[in-house]
Number of protein chains: 2
Amino acid sequence: MLYNKDMTNSRTPRRTQAERTRASKEKIIRAAMEFFAKQGYRGATLAEIAKAANLTEPGLLHHFPSKNHLLMAVLAERDRMDRERFDLSGMDDEEALFTSAQQLVEHNETVPGLVKLFTTLVAESVQEEHPSHEFFMRRYQKVREQVIDVLRDGQEKGKVRADISAEDLAVMIYAMMDGLQVQWLYEPEKIDMAGIFERFIQLLQVKL
Amino acid sequence: MLYNKDMTNSRTPRRTQAERTRASKEKIIRAAMEFFAKQGYRGATLAEIAKAANLTEPGLLHHFPSKNHLLMAVLAERDRMDRERFDLSGMDDEEALFTSAQQLVEHNETVPGLVKLFTTLVAESVQEEHPSHEFFMRRYQKVREQVIDVLRDGQEKGKVRADISAEDLAVMIYAMMDGLQVQWLYEPEKIDMAGIFERFIQLLQVKL
DNA sequence: GTCTATACCCTGATAGAC
DNA sequence: GTCTATCAGGGTATAGAC
């Protein structure tokens with residue numbers, strides 16, 4: 001009897017609860033991404049996010065104590081997904097860099113919701129008081145840093161055009177990505193985001 | 001007596017009132033631009049805009065019957081200012097085009113508030129339900145149209161690189177402008193927006 | 001861990017006096 | 001043309017039961 005009780009009340013249920021919590025959190029984050037993308041951070045409401053995750057609002061707030069905490073979790077998740085898809089740290093050479101960047105843009109064309117999330121939040125967060133202002137500022141600094149060295153190597157090897165500094169090239173690459181996303185989000189059928197980005201990338205390389 | 005009355009109550013006051021109305025409206029629009037820029041359309045409140053224009057909220061709503069009407073007035077004003085500064089319709093050749101674009105970016109560096117207004121509203125309006133969604137979609141269509149013919153002429157004259165279509169070049173130019181603005185808004189001291197844009201524009205031209 | 005109930009604030013907008 | 005007063009609606013967050 002005592003033995004049985006231990007099995008059911010202590011060991012097994014404890015693991016199930018933990019799993020359920022994790023599953024709930026993931027469901028909430030996915031729902032939050034959707035609504036932050038659709039309406040921005042300010043425009044999205046906890047009630048609709050909770051509902052999409054099959055919860056009530058206080059149910060959601062049990063997992064994330066405030067809307068702000070939820071945003072941070074969403075950004076962390078977005079970062080994790082990005083790293084999976086496009087990790088530039090430890091990138092070998094400029095060829096791998098350009099290929100990866102190109103693949104990222106091609107992938108983005110298949111996930112308009114995530115692109116909208118990023119575009120909306122980045123612009124909203126330009127405001128210094130915005131809860132994710134620091135996050136995005138550091139993010140730009142980080143991703144630019146990651147590519148500068150590779151670009152400079154490429155310039156020294158004569159593969160990347162050297163009439164523009166590696167620092168400025170890094171800014172340009174992300175500026176073009178971001179800018180294309182905006183026009184593409186307005187008219188996905190009309191704007192060939194990946195195609196145009198590819199032509200841009202070719203501009204940065206030295207022709208053989 | 002009758003004569004005097006006419007002077008004071010009818011003629012003079014009537015003109016003064018009209019002028020006051022116009023002045024009030026302009027004051028409100030300027031205040032609205034400021035707060036839409038700072039916090040986006042959704043984030044800005046009528047109360048704070050009214051206060052900045054030395055009015056109460058109902059006082060503001062007398063001139064613009066809803067927040068939406070106010071947004072439209074702001075967009076119209078922004079368009080008017082843009083046309084003054086950078087009217088590409090009737091642009092002579094690609095050289096004038098590139099010079100004007102360059103001057104626009106240089107000018108933008110002196111008005112971060114307006115750049116923030118544009119960047120914030122454009123991203124917010126990506127959402128199809130947003131009141132200014134149509135406005136910005138049409139705006140991109142229009143400004144791209146304006147430059148395509150000039151770019152094509154430039155290509156035929158051998159001044160503009162012809163390995164990228166004029167349509168795609170138009171998309172690229174505005175994408176680079178928009179994208180640079182974002183990084184510049186995060187770090188105005190670090191990002192040399194006008195300098196980088198100039199180098200980008202040179203990429204599009206055929207070297208002599 | 002999730003719910004119901006609710007407190008409390010803010011927002012856009014209206015009514016009506018001056 | 002501008003105000004005070006006020007409303008209805010919706011927002012985040014908390015209290016407390018289950």
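Convention: sequence-line order gives letters A, B, ...; per-chain numbering from 1. Heavy atoms only: backbone and side chains are in, while hydrogens, waters and symmetry mates are out.
- Of the candidate nucleotides dA13(D), dG12(C), dT2(D), dG12(C) has the atom nearest to the side chain of Glu57(B).
- Atom pair Asn68(A):CG and dA13(D):P shows a separation of 8 Å (rounding to whole Å applied).
- For Glu106(B), the CD atom sits in a packed shell: over 12 heavy atoms of surrounding residues, nucleotides or ligands are nearer than 6.0 Å.
- The stretch residues 22-37 of chain B touches DNA chain D through Ser24(B), each having a heavy atom under 4.0 angstrom from the strand.
- Residue pairs meeting the side-chain hydrogen bond (donor to acceptor under 3.5 Å, both in side chains) criterion with at least one partner in residues 27-36 of chain A, sequence neighbours excluded, are Glu34(A)-Lys38(A).
- Considering only the side chain of Leu55(A), dT2(C) comes nearest among dC3(D), dT2(C), dG12(C).
- Taking atom CG on Leu61(B) and atom P on dG16(C), their separation rounds to 17 Å, with Å as the unit.
- Between Pro65(A) and Gly43(A), the residue whose closest nucleotide on DNA chain D is further toward the 5' end is Gly43(A).
- Look at Thr56(B) and you'll find a side-chain N or O under 4.0 angstrom from OP1 or OP2 of dC3(D).
- When rounded to the nearest whole Å, the span between CG of Leu60(A) and P of dC3(C) equals 10 Å.
- Residue pairs that meet the ring-ring contact (aromatic ring centres under 6.0 Å, His included) test with at least one member in residues 53-76 of chain A, sequence neighbours left out, do not exist here.
- Contact annotation for Ala50(A): no contact, since no heavy-atom pair falls under 4.0 Å across all strands.
- Considering only side-chain N and O atoms, His63(A) lies under 4.0 angstrom from the phosphate OP1 or OP2 of dT2(C).
- Listed here is the closest heavy atom pair of Met193(A) and Leu180(A): O-CD1, 3.8 Å.
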Below 3.5 Å is the cut-off: list the nitrogen or oxygen pairs between protein and nucleotides 5-10 of chain D, distance only.
none

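- One finds no salt bridge joining Lys51(B) and Glu57(B) here, because no Lys/Arg side-chain nitrogen approaches an Asp/Glu carboxylate oxygen to under 4.0 Å.
- No donor-acceptor distance shorter than 3.5 angstrom exists from the side chain of Gln181(A) to the backbone of Lys116(A), with no hydrogens or angles considered.
- Rounded to whole Å, atom C1' of dT14(D) lies 19 Å from atom CZ of Phe64(A).
- Applying the salt bridge (charged side-chain N to carboxylate O under 4.0 Å, His left out) test to Glu134(A) and every residue at least two apart in sequence or in another chain returns Arg138(A).
- In this structure, Leu46(A) reaches the sugar-phosphate backbone alone: every heavy-atom distance under 4.0 Å involves primed, P, OP1 or OP2 atoms, never a base.
- Closest approach of Ile49(A) to Ala44(A), counting heavy atoms only: CD1-CB, 4.4 Å.
- Judged as a ring-ring contact (aromatic ring centres under 6.0 Å, His included), the pairs with a partner in residues 27-53 of chain A (not counting sequence neighbours) are, in order, Phe36(A)-Tyr41(A), Tyr41(A)-His130(A).
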